[in-house]
Amino acid sequence: MVPQQSYGGQPEYYQQGRGTQQHQRGGGPPQQHGGIGGRGAPSGGPSRPPAPELHQATSQTPYQAAMTTQPIPYVRPTETSSEAGSSSQPPEQAALQVTQQFQQLAVQQEAAPTQAVPPASSKSLRFPLRPGKGSTGMRCIVKANHFFAELPDKDLHQYDVTISPEVPSRGVNRAVMAQLVKLYRESHLGKRLPAYDGRKSLYTAGPLPFVQKDFKITLIDDEDGPGGARREREFKVVIKLAGRADLHHLGMFLEGRQADAPQEALQVLDIVLRELPTSRFCPVGRSFYSPDLGRRQPLGDGLESWRGFYQSIRPTQMGLSLNIDMSSTAFFEPLPVIDFVTQLLNRDVSSRPLSDADRVKIKKALRGVKVEVTHRGNMRRKYRISGLTSQATRELTFPVDENGTVKSVIEYFRETYGFVIQHTQWPCLQVGNQQRPNYLPMEVCKIVEGQRYSKRLNERQITALLKVTCQRPQERERDILETVRHNAYANDPYAKEFGIKISDKLAQVEARILPPPRLKYHDNGREKDCLPQVGQWNMMNKKMVNGGTVNNWICINFSRNVQDSVAHGFCSELAQMCQISGMNFNPNPVLPPSSARPDQVERALKTRFHDAMTKLQPHGRELDLLVVILPDNNGSLYGDLKRICETELGVVSQCCLTKHVFKMSKQYLANVALKINVKVGGRNTVLVDAISRRIPLVSDRPTIIFGADVTHPHPGEDSSPSIAAVVASQDWPEITKYAGLVSAQAHRQELIQDLYTTRQDPVKGTVAGGMIKDLLISFRRATGQKPQRIIFYRDGVSEGQFYQVLLFELDAIRKACASLEPNYQPPVTFVVVQKRHHTRLFANNHRDRNAVDRSGNIIPGTVVDSKICHPTEFDFYLCSHAGIQGTSRPAHYHVLWDENKFTADALQSLTNNLCYTYARCTRSVSIVPPAYYAHLAAFRARFYMEPETSDGGSVTSGAAAGRGGGAGVAGRNTRAPGAGVGAAVRPLPALKDNVKRVMFYC
């Protein structure tokens, strides 16, 4: 075996070895370990053996002696539950992969008897059980948008459905099945009303009177075939008994007597409850929309918002519950195509011919959209747009017979339909296939109603959509109850047939309000500490607990409207505010503020930086900060500037918009000072309990807290990479400073590929690296200690990917630790943080002033760990922030691994208290700061990509940045790992060392 040093074990770690135990907890040398999915996935790419190794941190080392090990782990198939995004891998396949990986592991074990033996079956990874319920805090009752669903006692049967010829559209499949049920329910189906998933499965409450039967069904097509004739389509449908869906095990699971959620049974109930709304409304994912469910609102550019509701059946402690929430999303307005294009291009289109850019824009917006023709009276045939013609309508001809006779489109329309085309200079829409193209002038086409717009919305549209979705808690609760009444589950023929009863009252849930933590400020200030009130406080009479130093700084102004004198005045006010807030800030810049043009950002930055350094370098000094004034609408300027500063010049920057420079409000300056302080390595505040070492499972021994997130490109961008970010606390016991690292990875890959990496070095052999290792080393450098406990908050994982993410990422953490020193395996707690769920909590009494904050939302610190939570696992909902507008969305925390043996109170309080240490404002935030920082860092790194792959655009408001966002705003649909992993991803430019040590992303 290569000497351990060569795994990149830093000498500083290595010399601290604990005795000479040969047993290496991580298994053989790191290069033998595999991860799952991603790199070891079957889709090509470098093949490391895909064997996850989850070894318990056994109590070998002195500091772990007090810990018991977790029960033998246990794995279950991937869930396909409500938040599963659009996993492109079927659950069976994912489960099979996991099983194979464990079997491979079992083989390896025989060869390496010294390893801690993990179980060798896919039924062996258990998420930790709930360690009892929390008791800290003031008890209260809240209502949740969960409706109790009684478990039916029916004998559920499943049938396989084969429809031939096969069609990709679920809509067509449903139409075929609806016709079949209409014709044969009484005569052949034993009067049963089946529920159908639109693909291959049919479910009934009790057996059908046959084991297998064939049916012939005829449909009249409402879309035109290639020849233009409306056709009758014949289908053969085979229905064949597949088995019985078992509700008994679901009952056992809900009672906590079985570990595994029986997905099959849950799916059946979900399908049954979706049958009726699917026929009445427009289904999108797990939501249903309709123009009748509330007013349509225009969003601009030919789009409008439709109201709707989200519905999903979930297993909870109170039994089955139906989660219902309000939702809105964007649809195409059913406009004449000419009007749509006029709105899209935002000008009178007849005035001048279309440019190439216009054509691209129109083609992009209309490809795949269904239109109906208006020039044939009541014959409203429908077509799907495949493209635009390259020629104008007046130049288009097509063959009318075999002899090569051609006719112009203009002539054809005049002779056949008596229709005179007005816009002859415009292209035609191309419908049908390339072999037999069909040309339709735009003016005879109208967009068909009910088509969802799934691409990226622009800022204006997002703002308009948020306005619609943003509802006060009382209104939202009223609408949810109204929806449940309107859906009338008691009269739903499918629910009746299957014996499913749904309550019409919101679930009442016991909750607790956790107390806010005391915050420490500097002893020089008038107020040395403070107790936040209702999730907020301010900096009046307080000084930062550790003020950073800014000796050398310059200001560059890219805004035409800001004169040099205004820039000068703003900078001196800002410097003064930093000083008052407790920083050591030199009031005089190295050079006077200079102005530059936005289109010369690179030249301006580099020239000015160079000028400043020429002055500073002879004295051995560095530039500490760059203050930048930007126009309010600055396009890609912000991103370019951050990329140049952080990856080329190595200087942190603070951007200020023109409107704020003119307004110069004290509150604004105070907030900017908070950001500047952490960017130059200061600390704004720390928890009093952290300093006095009173935080359970953090204060007793060096603990590092990680946050991790992956952001995916917007829908419609098919090739740009996903970006992973990991941050980790760099101070202990304070835990407020976080260093961050970012890396690009395959498009829509959810597993973080660079947590642990290996490369071959001609001299040293296999060298281990990766984000975890780098952050552990920098923690050691900053604190002089190595972490003896790891808490890992992971954002952005849907339920369907819990297993894969845990297996792959925990394995990477283990290997990163082992690569630093043999037997170095600090115990890990792995917690998933979810904001993209549909549970909302409401005050039991909206008029009780003590139960709500100013926005009408529940009080910050409200935690729920009963009734609507998982039947057996360790999860909780925490609303840690005060609402500002709309209805607060509590964060959902789910513990997937816990070797630190947290009690419910310890983890809930730690999580809530950390939410008060977010550096950018004096408010508690809605998700734990390490996860929030990881999100900011990943979002920042989008700007580092080559211009053609980055989506440009200025830095956006929180709404577009993926936090917040209405229920229908483009979701983060995480594909299954392995999608497109083979494709090489261009790495991001490296962050400069002095930048990555501080909170540059704030």
Is a side-chain donor or acceptor of [X] paired with a backbone partner of [Y] at a separation under 3.5 angstrom?
X      : Y      : answer
Ser287 : Pro283 : no
Tyr203 : Gln267 : no
Gln451 : Val448 : yes
Gln471 : Gly886 : no
Gln158 : Ser201 : no
Ser386 : Gln430 : yes
Arg889 : Thr839 : no
Asn145 : His838 : yes
Asp358 : Ser355 : yes
Asn173 : Gly198 : yes

Heavy-atom distance under 4.5 Å between the side chains of [X] and [Y], does that happen here?
X      : Y      : answer
Val406 : Val400 : no
Val468 : Ser328 : yes
Leu466 : Thr469 : yes
Arg476 : Arg840 : yes
Arg233 : Thr218 : no
Arg472 : Thr887 : no
Tyr417 : Val444 : no
Arg307 : Met326 : yes

How many angstroms lie between [atom1] in [X] and [atom2] in [Y], if you round to the nearest 0.5 Å?
X      : Y      : atom1 : atom2 : value
Leu183 : Lys216 : CG    : NZ    : 14.0 Å
Cys428 : Leu396 : SG    : CG    : 5.0 Å
Leu193 : Thr204 : CG    : OG1   : 10.5 Å
Ser312 : Arg286 : OG    : CZ    : 5.0 Å
Leu354 : Lys361 : CG    : NZ    : 12.0 Å
Arg452 : Cys282 : CZ    : SG    : 9.0 Å

Legend entry - Partner of His712 under side-chain hydrogen bond (donor to acceptor under 3.5 Å, both in side chains), chosen from Gln749, His747, Glu750: Glu750

Legend entry - Working for side chain to side chain contact (heavy atoms under 4.5 Å, CB included), residues Leu266 and Gln263: CA-CA 5 Å; Leu266 282 169; Gln263 285 308 318; 4.3 Å; yes

Legend entry - Tyr184 and Phe215: CA distance, side-chain angles, deciding distance, ring-ring contact (aromatic ring centres under 6.0 Å, His included) verdict: CA-CA 9 Å; Tyr184 300 114; Phe215 297 88; 5.2 Å; yes

What residue pairs, at least two apart or across chains, pass salt bridge (Lys or Arg N to Asp or Glu O under 4.0 Å) with a residue in [range]?
range            : answer
residues 272-283 : Asp270-Arg274
residues 289-302 : Arg296-Glu304, Arg296-Glu449, Asp301-Arg460
residues 484-495 : Glu482-Arg485

Legend entry - Phe413, Tyr412, Tyr439 screened by ring pair (Phe, Tyr, Trp, His ring centres under 6.0 Å) with Phe398, the one that passes: Tyr412

Taking only residues two or more places apart in sequence, or in another chain, which ones meet [X] in a salt bridge (Lys or Arg N to Asp or Glu O under 4.0 Å)?
X      : answer
Glu443 : none
Lys236 : Asp214
Asp339 : none
Asp197 : none

Inset, instruction - Kindly state each residue pair satisfying side chain to side chain donor-acceptor pair (under 3.5 Å) with at least one member in residues 390-406, sequence neighbours excluded. - result: Asp401-Thr405

Legend entry - Leu303 vs Leu457, side chain to side chain contact (heavy atoms under 4.5 Å, CB included): CA-CA, chis, key distance, verdict: CA-CA 10 Å; Leu303 302 184; Leu457 297 171; 3.8 Å; yes

Legend entry - Arg314 bridged to Glu799 by N-O distance under 4.0 Å: yes

Inset, instruction - Could you tell me whether Glu415 and Lys407 have a side-chain N and a carboxylate O separated by less than 4.0 Å? - result: yes

Counterpart residues, ring-ring contact (aromatic ring centres under 6.0 Å, His included), relative to [X] (two or more places apart):
X      : value
His486 : none
Phe288 : Phe309
Tyr453 : Phe332
Tyr196 : none

Inset, instruction - Verify side chain to side chain contact (heavy atoms under 4.5 Å, CB included) between Asn458 and Ile462, making sure each step is shown before the conclusion. - result: CA-CA 6 Å; Asn458 64 33; Ile462 289 173; over 6 Å; no

Legend entry - Step-by-step side chain to side chain contact (heavy atoms under 4.5 Å, CB included) determination, Ile447 to Phe340: CA-CA 9 Å; Ile447 292 172; Phe340 177 84; 3.8 Å; yes

Inset, instruction - Could you tell me which non-hydrogen atom of Ile421 sits nearest to which non-hydrogen atom of Ile410, and how far apart they are? - result: CD1-CA, 4.1 Å

Inset, instruction - Could you pull out the closest heavy-atom pair between Val268 and Ala245, with the gap in Å? - result: CG2-CB, 3.9 Å

Inset, instruction - Using side-chain contact (heavy atoms from CB on, under 4.5 Å) as the criterion, point out the one residue from Val161, Leu180, Asp160, Ile271 that pairs with Leu202. - result: Val161

Inset, instruction - Inspect the surroundings of NZ in Lys446 and state if more than 12 heavy atoms from other residues, nucleotides or ligands are less than 6.0 Å away. - result: yes

Inset, instruction - Please check if atom CD in Gln885 has more than 12 non-hydrogen atoms from other residues, nucleotides or ligands closer than 6.0 Å. - result: no

